[in-house]
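Have a look at the structure below before the remarks.
In this chain, numbering begins with 1 at the start of the sequence shown.
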Amino acid sequence: MENWENKHIVFFDGDCGVCNFWVQWILERDRKDQFMFASLQSEFGQQFLSERGLDTHIFNTMYLWKPGKYYLIKSRAILHIAKLLGGIYSLAFLGKIIPRFLSDKAYDLVSRNRMKLANQRCYLPDQHQRKKFIQV
């Protein structure tokens, strides 16, 4: 396991095909090696949730955490991930002009239907990518 304290940690639902798709999408575009990943169901994910007083039984939200600095949720996490990836993806950060309640409403709509949107297949990272997972 790499030194996760200097990375951005993406917490995701480890049982969700849509979430696994997005984890794979981020992995393939993380040219600056700035992200690591942990499922919300893992011990590490559960600790993250409980330390912040968040529900440890609900996994329908993606979190982006920069240890010692901040954590973002839902649409703001996604927009910030795009900004960090840089290049053409940083244009998605313009979505921040959309009021949060609207962008999170769209996020929640996808989240409620995520199990129907993607088949529930297991993603198998390659050897390099495996190092970027704290716990699944």
List the atom pairs, with distances to 0.1 Å, where a side-chain N or O of residues 101-110 and a protein N or O form a donor-acceptor pair under 3.5 Å, not counting sequence neighbours.
from	atom 1	to	atom 2	distance (Å)
Ser103	OG	Ser75	OG	2.8
Ser103	OG	Arg100	O	3.2
Asp104	OD1	Ser75	N	3.1
Asp104	OD1	Ser75	OG	2.6
Asp104	OD2	Arg100	NE	3.2
Tyr107	OH	Met62	N	2.7
Asp108	OD1	Lys74	NZ	2.9
Asp108	OD2	Lys74	NZ	3.3

Quick one: side chains of residues 78-90, donor-acceptor pairs under 3.5 Å with protein atoms, not counting sequence neighbours, listed by atom name and distance.
from	atom 1	to	atom 2	distance (Å)
His80	NE2	Tyr70	OH	3.1
Tyr89	OH	Arg29	NE	3.0
Ser90	OG	Gly87	O	2.6

### Query
Would Tyr63 and Ile9 count as a side-chain contact (heavy atoms from CB on, under 4.5 Å) if you check the C-alpha gap in whole Å, the side-chain angles of each, and the deciding distance to 0.1 Å?
CA-CA 8 Å; Tyr63 297 88; Ile9 314 299; over 6 Å; no

### Criterion side-chain contact (heavy atoms from CB on, under 4.5 Å) on Lys132 and Asp33, from CA distance to verdict
CA-CA 9 Å; Lys132 297 178 71 75; Asp33 192 32; 2.5 Å; yes

#### Entry: Derivation of the side-chain contact (heavy atoms from CB on, under 4.5 Å) call for Gln41 and Phe59
CA-CA 8 Å; Gln41 293 91 332; Phe59 309 119; 3.8 Å; yes

### Query
Between Lys66 and Tyr71, does a side-chain contact (heavy atoms from CB on, under 4.5 Å) hold up when you go through it step by step?
CA-CA 6 Å; Lys66 179 67 174 170; Tyr71 76 91; over 6 Å; no

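With sequence neighbours excluded, the residues forming a ring-ring contact (aromatic ring centres under 6.0 Å, His included) with Trp65 are Trp4, Phe48, listed by chain and number.
Between Gln34 atom CD and Ile26 atom CD1 the span is 10.5 Å, to the nearest 0.5 Å. In this structure, the separation between CG on Asn20 and CG on Asp15 is 8.5 Å, given to the nearest 0.5 Å. How far CG of Leu72 is from OG1 of Thr61: 12.5 Å, rounded to the nearest 0.5 Å. Atom OG of residue Ser42 and atom CZ of residue Phe12 lie 8.0 Å apart, to the nearest 0.5 angstrom.
Contact between Ile134 and Met36 at its shortest, heavy atoms only, is CG1-CE, 4.0 Å. Taking each heavy atom of Pro67 and Lys7 in turn, the nearest pair found is CD-O, 3.2 Å.
Hydrophobic clustering of Ile, Leu, Val, Met, Phe, Trp and Tyr side chains at less than 4.5 Å, counting indirect connections, unites Val23 with Trp25. The cluster map of Ile, Leu, Val, Met, Phe, Trp and Tyr, joined by side-chain heavy atoms under 4.5 Å apart, puts Val18 and Ile58 in different clusters.
Looking at Ser50, its side chain does come within 3.5 Å of a backbone N or O of Gln46 through a donor-acceptor pair. Although no hydrogens or angles enter the test, the distance criterion places no donor-acceptor pair under 3.5 Å between the side chain of Gln129 and the main chain of Leu27. Listed for the Asp30 side chain is a donor-acceptor partner under 3.5 Å among the backbone atoms of Phe35.
Remark: aromatic rings of Phe44 and Phe11 are close, center separation under 6.0 Å.
A donor-acceptor contact under 3.5 angstrom links the side chains of Gln24 and Glu28, judged on distance only.
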